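So the structure is just underneath, and the comments pick up after that.
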Amino acid sequence: MAQSLELLLIQFLMPDNDARRQAEDQIKRLAKDPQVVPALVQHLRTAKTPNVRQLAAVLLRKKITGHWAKLSPQLKQLVKQSLIESITLEHSAPVRRASANVVSIIAKYAVPAGEWPDLLPFLFQFSQSEQEEHREVALILFSSLTETIGQTFRPHFADMQALLLKCLQDETSNRVRIAALKAIGSFLEFTNDGAEVVKFREFIPSILNVSRQCLASGEEDVAVIAFEIFDELIESPAPLLGDSVKSIVHFSLEVSSSHNLEPNTRHQAIQIISWLAKYKYNSLKKHKLVIPILQVMCPLLAESNEAGEDDDLAPDRAAAEVIDTMALNLAKHVFPPVFEFASVSCQNASPKYREAAVTAIGIISEGCAEWMKEKLESVLHIVLGALRDPEQFVRGAASFALGQFAEYLQPEIVSHYESVLPCILNALEDESDEVKEKSYYALAAFCEDMGEEILPFLDPLMGKLLAALENSPRNLQETCMSAIGSVAAAAEQAFIPYAERVLELLKIFMVLTNDEDLRSRARATELLGLVAESVGRARMEPILPPFVEAAISGFGLEFSELREYTHGFFSNIAGVLEDGFAQYLPLVVPLAFSSCNLDDGSAVDIDGSDDENINGFGGVSSDDEAHCERSVRNISVRTGVLDEKAAATQALGLFALHTKSSYAPFLEESLKILVRHASYFHEDVRYQAVFALKNILTAAHAIFQSHNEGPAKAREILDTVMNIFIRTMTEDDDKDVVAQACTSIVEIINDYGYMAVEPYMSRLVDATLLLLREESTCQQPDNDSDIEDDDDTAHDEVIMDAVSDLLPAFAKSMGPHFAPIFAKLFDPLMKFAKSSRPLQDRTMVVATLAEVARDMGSPIAAYVDRVMPLVLKELASPDAMNRRNAAFCVGELCKNGGESALKYYGDILRGLYPLFGDSEPDDAVRDNAAGAVARMIMVNPQSIPLNQVLPVLLKVLPLKEDFEESMAVYNCISTLVLSSNPQLFHQRNLLK
C-alpha cells in the first residue's frame, strides 16, 4: 500500500483536475483499511517534498480517529514516536504544525487511557528548547491539546502559567511570543479564582506588548488575538481584569482611533470597550475612564465609511453602540461630556460633525433620560436646529434623535409639542426619503403619548400621511403606517373621520403576497388593530370578518414578522370586541398555539478552518466527520421566531382576559404553554408568559365560579401561578420580567384579597425583602464591581417601582395586621431614602410610606419619629412629584399617627404653607397640601390655628387636578359647617 499511496499523494497535488479527482477516489478507498495509518506515517517521515509530507499528516489526522482502536500496541507506539520525530526534526513549519494536529487527536484517546504518559513531560521539555521552531510548535501543541485533553492540564496549571508568561516575554523570537499569545486564550476556561486569577493578571502587560509589536510590524491578524483574549477575560465569571482595565482601555482607544489600521482591527478594539461598558462599567467609573472613552468615541461618530467597506465594521456604528451602552449603565457620568460634545459639534463647519452631534444626543436619550429632561430646552435647540441643516444626512440624524426623544423623554417632551410638531410636519416634506422615513419614526414615537394636544394638528398630519400611504415607496409606507397608528391612538374618537379612508387603503396591503411586500402587509395588519381600538366596537364589528379572514390567510405565507403582527392584531381586536371575540377563538387560538410551539431556531456557526484547507488539501473528506474536531464560533437565535413566540404568548393571555368563561376549551393547553414559557431561555418570552398568567387566572376564576369543583381547580391554578411569580422574583435575571411578576402579584391581591395569597405570604415577604436589599438574581452587579457608591447609584425604575407597589398592596389587604411584616421591610425600604440616593428613590419611599400609612392605620404611629424628618424635608424638594407625595404622606401620618404626630403639627404647617402660594407651580402639589391640612383638622382641630389656616385652605378651592383629595377636603369643610365652627363662618366670603 505504501508505494501506491505515495503515487496517489503526488497525483493529488497535481494541477490536473481529472488526475486530482481520480487520486482522491483512490485515497478514499485505501483509507478504509487500518493499514493506511502506518503507510501515511511512513510518508510523513520519508517523502521528499514538504507538500507530500504535509498532505500525509492531514490525511492521518482525518483517519486516525476511526482506526486508532484497531491498531496494535506496537503500531500505536510507532505512530507516536514518528509524530514526535516529525515535530522535533522536521524543517518545514507547515508539516510540523500538521503533525502537531495529529498529536492532538491521538492524545484525546491515548492520554486518558494511560497510553502516552511521556507526552506532557516531552512538551514541557520541548518548550525549553534553544531552537525557536521547537518552542513555537510546543506552544501550538499545548494550545490544541486544551481542546481534547484540557482537564489533564489542571495539575500542571501553575507550570503552564509560568511557561506561557516566559514565552510571552521571549526576547529572541517574535514567533514564540505570537504562539504564546495564541495559546493563552485556550487556557482561560481553566482559570477560576484565587491565586490563579491574580497570576493571570500578570499576563496582560505582556499581551499588550506583543500586540503592539504585531501592529507595528503589520501583523494585524495576530494583534487582534489580544482582543479575543480580553473578550474572554471580560465575560469570565471570575474577576480576571483587576486594575489592568486601565491599560486595556488605553490600548483599545489607541487602536480605535488609528485610521491606518484595517477596519476589522479597529472594530475589535471598539468592541472591547463596548463589552467593558456592558459587563465592567463600574471598573470604568473607578478608574476614571468614562471621559477618555467618550473623547474618542464621540468623534468616531463623524467618521465616514469608505465605499465598499462592510457596514458592520464601520467605526461610527461601533462607537454608537459603546456610547449607548455607557449611557444605559453610567448615565450620570456620560451625559455631561456627550452634551458638551454635541453643543460644540453642532456648530462645526464639517457636516459629519454636525451629524455626529445630534446622533450622540439621540443615542444617549434612553440611558440619560432623567438628566436630559432637566436640559430639554437645550437639547431640543440642538436637534430642531439640525432639522433645518442644508445637508440631508444631518437632517436625517436629527429626525432619528427626535424620535429617540419622543420615545424616552416622556412625558416632558410632549409639553413641547407646539415647537416640535411643526418641525416634524416640515420634515415630512423633505426631498430626502431617508429624512422622511426617520421623520415618520419621530412622529410615531412623539404622538404615541399625546392626547387632545394633537387635535389642532390632526387634519394637516392626516393629509400628509394619507397622501404618503397612497404614493410612497414601500419602506416609507411602512413607517408611515406606524405614524398613522400613533396618531390614531392619540386622537381616539377624533380619528373616526379618517378611519374609513385608512381602512380602504389597508385592504390593498392586506392581500399582498409577494415576499418583498410582506413587511408592508405586516405593518398594515398592525395598523388595522390600532384603528379598531380608536373607532370602537360599534363601528368595527360589522366590517371586521373580511379583515380577520385576510389576517388568518397570512399564516400560510411563511413570514414570521407577519405572524407576529397578526397575533398583535388579534390581541387588539379581542380588547375591542371583549366577549364578542369568542366567535373567533376557534380560528385564532390554534394559530397562537402553533407559534408558541415553534422550534427555538438556534443556529450554530461552525468554524471548520484549519490546515486541512491549506494548499487545497480540503478535498479529501473524512468518513468519521462526527469525530472531526470543530470549534463553535457563535450561537445565534432567529429573532423573528422569538418575536413571534412572544406575541403569541401575549395573545393567549389577552384572549383569556377579554373572553373569560368562553375561553374554557383552551384554558388547559394555554396554561401548559405559559408555564413552560415562564422559564423560557429568552426574557421577552418569559415576560409575556408572566403577563399572560395573570390573565389566565382571571379567566379561570370566571370559568370555575359556577362549577362544583370550581374552587379547588381555581386554587390549583392560583398555586401554579403564584409559585412561578415568587420564583421569578428571586431567580430570574431580567428586571423587566421580575417587575412584571411583582405587578401581577399586586393585581392578584387587589382582585382577590388577602386570603388568596395568605398561603404564600411567608415566601412572598422573603422575596420582597430580597429585592429591597437588592440581593436578588436580577440585581447582581458585575464581578469587578468593587465600588457602588450611593452617590453614583441610579434609580432602578424598572424593578424598584414595581417592588414598592407590593407594600401598599399588602397594607391595603391586611390593614393593621400588616404591622409585623412592615417591621421587617421598613429598614430595607428606608435605605433608599438616604440623601445620597437619587431623588427618584426618595420619591418612591415617600409614596410607599404614604400609602402604607393610609391603609395600615394606627400601627404607623410607631414609625412617625423616623419618617417625619424625611417627609418634612421632601416638602421643600425641587421636584414637584416629591412635594406632592410628601404633602400626601404628612396628611396620612397625622391622620393615623395619633399622639406621635401631634408634636410635628407646627413644623408640618410651616412646611405646607409655601405649597399654597403663587410660587408653587404645580396644581397637584397644592391639592395634596389642601388634603393634608384637611386631614389634620379632622383629626385634631384644636391643634390647628384655624383662624390662620382656613383662609389659606379655602383660597385654593376648588381642587384643580388631584381629585382623589376631594373626599378629605370636602369632608373637612362639611364637618366644620355642621359643627357651626365660628372660624369657618368668619371666612364665608371665601365659601361663595
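Computed from a predicted model, the values in this text were never measured in an experiment.
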Around atom [atom1] of [X], are there more than 12 heavy atoms from other residues, nucleotides or ligands closer than 6.0 Å?
X	atom1	answer
Lys812	NZ	no
Lys824	NZ	no
Met761	CE	yes
Glu500	CD	no

Between Tyr663 and Phe666, how do the two ring planes meet: parallel, tilted or perpendicular, split at 30° and 60°? tilted

So do [Y] and [X] actually touch side chain to side chain, heavy atoms under 4.5 Å?
X	Y	value
Tyr565	Leu527	no
Leu807	Ile821	no
Arg521	Asp517	no
Tyr680	Gln688	no
Ile454	Leu461	yes
Leu506	Met481	yes
Gln840	Glu370	yes

Any side-chain to backbone donor/acceptor pair from [X] onto [Y]? Under 3.5 Å, distance only.
X	Y	answer
Glu453	Gly451	yes
Thr730	Arg727	yes
Ser534	Ala488	yes
Arg854	Leu849	no
Glu775	Leu771	no
Asp927	Lys960	yes

What residue among Thr743, Leu693, Leu718 forms side chain to side chain contact (heavy atoms under 4.5 Å, CB included) with Ile748? Leu718

Say whether [X] and [Y], considering side chains only, have a donor N or O and an acceptor N or O under 3.5 Å apart.
X	Y	result
Asn885	Arg842	no
Glu644	Ser560	yes
Glu747	Tyr752	no

ring-ring contact (aromatic ring centres under 6.0 Å, His included) partners of residues 526-552, not counting sequence neighbours, each pair once: none

Residues forming a side chain to side chain donor-acceptor pair (under 3.5 Å) with Thr649, sequence neighbours excluded: His677

Residues in side chain to side chain donor-acceptor pair (under 3.5 Å) with Lys507, at least two apart? Glu504

All salt bridge (charged side-chain N to carboxylate O under 4.0 Å, His left out) counterparts of [X], not counting sequence neighbours:
X	answer
Glu683	none
Glu965	Arg935
Asp719	none
Glu448	none

What residue pairs, at least two apart or across chains, pass side-chain hydrogen bond (donor to acceptor under 3.5 Å, both in side chains) with a residue in residues 574-594? Arg537-Asp579, Glu578-His658

Candidate list Arg676, Lys645, Glu669, test side-chain hydrogen bond (donor to acceptor under 3.5 Å, both in side chains), partner Asn597, passing option: Arg676

Take Glu407 and Tyr441, measure what side chain to side chain donor-acceptor pair (under 3.5 Å) needs, and give me the verdict at the end. CA-CA 10 Å; Glu407 189 167 353; Tyr441 157 65; 3.2 Å; yes

Quick one, Leu770 with Met729, criterion side chain to side chain contact (heavy atoms under 4.5 Å, CB included). Give me CA distance, side-chain angles, the key distance, then yes/no. CA-CA 9 Å; Leu770 200 69; Met729 289 171 68; over 6 Å; no

For Gln493, the side-chain contact (heavy atoms from CB on, under 4.5 Å) test, sequence neighbours excluded, returns Ile496, Arg539

Chi angles and distances behind the side chain to side chain donor-acceptor pair (under 3.5 Å) call for Gln740, Ser744: CA-CA 6 Å; Gln740 184 56 51; Ser744 295; 3.2 Å; yes

Does the side chain to side chain contact (heavy atoms under 4.5 Å, CB included) test come out yes or no for Phe832 and Met800, once each step is laid out? CA-CA 10 Å; Phe832 294 91; Met800 293 316 304; 3.6 Å; yes

Decide side chain to side chain contact (heavy atoms under 4.5 Å, CB included) for Leu465 and Met462; before the verdict, give the C-alpha distance in whole Å, the side-chain angles of both, and the deciding distance to 0.1 Å. CA-CA 5 Å; Leu465 292 173; Met462 287 307 301; 4.2 Å; yes

Pairs of donor and acceptor atoms involving the side chains of residues 694-705, under 3.5 Å and at least two apart or interchain, shall be tabulated with distances.
residue: Lys694; atom: NZ; partner: Thr698; partner atom: OG1; Å: 3.0
residue: Lys694; atom: NZ; partner: Asp751; partner atom: OD2; Å: 2.9
residue: Thr698; atom: OG1; partner: Lys694; partner atom: O; Å: 3.2

Would you check, one step at a time, whether the test side chain to side chain contact (heavy atoms under 4.5 Å, CB included) holds for Val641 with Asp599? CA-CA 8 Å; Val641 173; Asp599 177 68; over 6 Å; no

Flag the pair [X] and [Y] as a salt bridge only when some basic side-chain nitrogen lies within less than 4.0 angstrom of an acidic carboxylate oxygen.
X	Y	result
Arg686	Asp733	yes
Glu478	Arg523	no
Glu716	Lys713	no

Given side chain to side chain donor-acceptor pair (under 3.5 Å), test Asn723 with Arg763 step by step and report yes or no. CA-CA 9 Å; Asn723 284 328; Arg763 291 164 55 213; 2.8 Å; yes

Run Glu366 and Gln404 through side chain to side chain donor-acceptor pair (under 3.5 Å) and show every step you take. CA-CA 7 Å; Glu366 180 181 5; Gln404 293 288 100; 5.8 Å; no

Taking the six-membered ring where the residue is Trp, are the ring centres of Phe655 and Phe581 under 6.0 Å apart? yes

Is the centre of the Phe810 ring less than 6.0 Å from the centre of the His817 ring? no

Check ring-ring contact (aromatic ring centres under 6.0 Å, His included) between Phe822 and all other residues, then give those that pass, not counting sequence neighbours. Phe818, Phe826, Tyr863

Contacts of Phe888 that satisfy ring-ring contact (aromatic ring centres under 6.0 Å, His included) - sequence neighbours left out: none

